[in-house]
Amino acid sequence: GESVGLHLPTLSVQEGDNSIINCAYSNSASDYFIWYKQESGKGPQFIIDIRSNMDKRQGQRVTVLLNKTVKHLSLQIAATQPGDSAVYFCAENKIQPNSGGGADGLTFGKGTHLIIQP
Amino acid sequence: DSGVTQTPKHLITATGQRVTLRCSPRSGDLSVYWYQQSLDQGLQFLIQYYNGEERAKGNILERFSAQQFPDLHSELNLSSLELGDSALYFCASSVGGVLTGELFFGEGSRLTVL
């Protein structure tokens, strides 16, 4: 099964409120995590990343929190705007089978659809 | 615009056929990644090339193959197509491996197998 997964497939928030999107991972060996945003009809777009030696990282209106104890990752979006409506994916780097030792394939969760209510 | 170009944007074909999807990475990026996105499976990593060499392999079927050419563009070949191969196929690129920076995704090639 998926080693990276999201708790809720859909999240609906009021415009202006803060959004929190959660993600669980199972590979304790992963040392790099990324959040991507995918708008309808487009490819995923990088939002923010965090390495396993950190527990928090902030960007513009976004914060990623990493709790390695419970293998949990979250993305917080402040003052959610209509343009934030998209599917959000968390991803982890993971050693891929048959990779010859390569570790560069990211494993994505299935995504959370963030819906902004006016 | 991510700088990654994928062609074709849409492709409709029949079962048993073979198609080739093409990707031009961002200028200067050495790594190319292929992902398959379907409604029920999300984004699945298929394969990665770095500077012409295969670097990592994910859930890529034996009917699928890829290569990266000296000019760093990449092609994903899908053969003996089945209905279940209908999906969005994304190419992404990065300067080095994923641990050295973000992946830049193209807008995808939508494959429909009838």
Side-chain angles (χ1 to χ4, degrees), chain A residues 1-6 9-10 23-25 27 29-54 57 59 62 64 86-113, chain B residues 1-6 9-10 21 23 25-26 29-51 53-62 66 68 88-110:
Chain A
E2 285 284 331
S3 66
V4 177
L6 290 151
T10 302
C23 178
Y25 66 94
N27 188 354
S30 293
D31 57 6
Y32 182 57
F33 304 87
I34 312 181
W35 281 98
Y36 279 86
K37 170 186 180 182
Q38 186 176 20
E39 297 176 41
S40 180
K42 296 187 177 181
Q45 182 182 11
F46 173 90
I47 301 174
I48 192 168
D49 60 0
I50 189 167
R51 298 197 183 274
S52 60
N53 60 354
M54 303 170 68
R57 191 166 188 215
V62 295
V64 57
V87 177
Y88 289 81
F89 295 94
C90 62
E92 62 175 322
N93 75 309
K94 183 179 178 183
I95 303 289
Q96 299 295 335
N98 305 316
S99 70
D104 283 356
L106 282 178
T107 298
F108 283 79
K110 290 191 177 179
T112 291
H113 187 191
Chain B
D1 183 4
S2 68
V4 177
T5 303
Q6 290 187 247
K9 290 194 187 311
H10 301 277
L21 309 180
C23 170
R26 289 190 324 155
D29 284 358
L30 298 178
S31 276
V32 170
Y33 309 75
W34 286 98
Y35 283 83
Q36 179 192 56
Q37 186 176 41
S38 56
L39 282 176
D40 59 342
Q41 290 295 319
L43 272 164
Q44 297 286 317
F45 169 68
L46 296 178
I47 198 163
Q48 179 211 353
Y49 281 82
Y50 176 80
N51 204 21
E53 300 288 329
E54 183 182 304
R55 178 72 180 267
K57 221 171 190 177
N59 301 318
I60 188 165
L61 301 172
E62 287 190 8
Q68 185 179 28
L88 263 172
Y89 291 85
F90 285 104
C91 169
S93 72
S94 66
V95 172
V98 71
L99 296 180
T100 62
E102 66 186 269
L103 302 188
F104 294 86
F105 282 81
E107 299 210 333
S109 293
R110 181 173 294 281

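For the numbers below, each heavy atom of this structure counts, side chains included, while hydrogens, waters and symmetry mates do not. Note on naming: letters A, B, ... go to the chains in the order of the sequence lines (proteins, then strands), and numbering restarts at 1 for each one. Just so we're clear, the structure is a prediction, and the values are computed from it rather than from any experiment.
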Is chain A contacted by the side chain of Gln6(B), its backbone, both, or neither, given a heavy-atom distance below 4.5 Å? neither
Go through the atoms of Gln45(A) and report whether side chain, backbone, both or neither lie under 4.5 Å from a heavy atom of chain B. neither
Can you tell me how far the NZ atom of Lys110(A) sits from the CD atom of Gln37(B), to the nearest 0.5 Å? 12.0 Å
Name the residue from Tyr35(B), Phe90(B), Phe45(B) that meets the ring-ring contact (aromatic ring centres under 6.0 Å, His included) definition with Phe108(A). Tyr35(B)
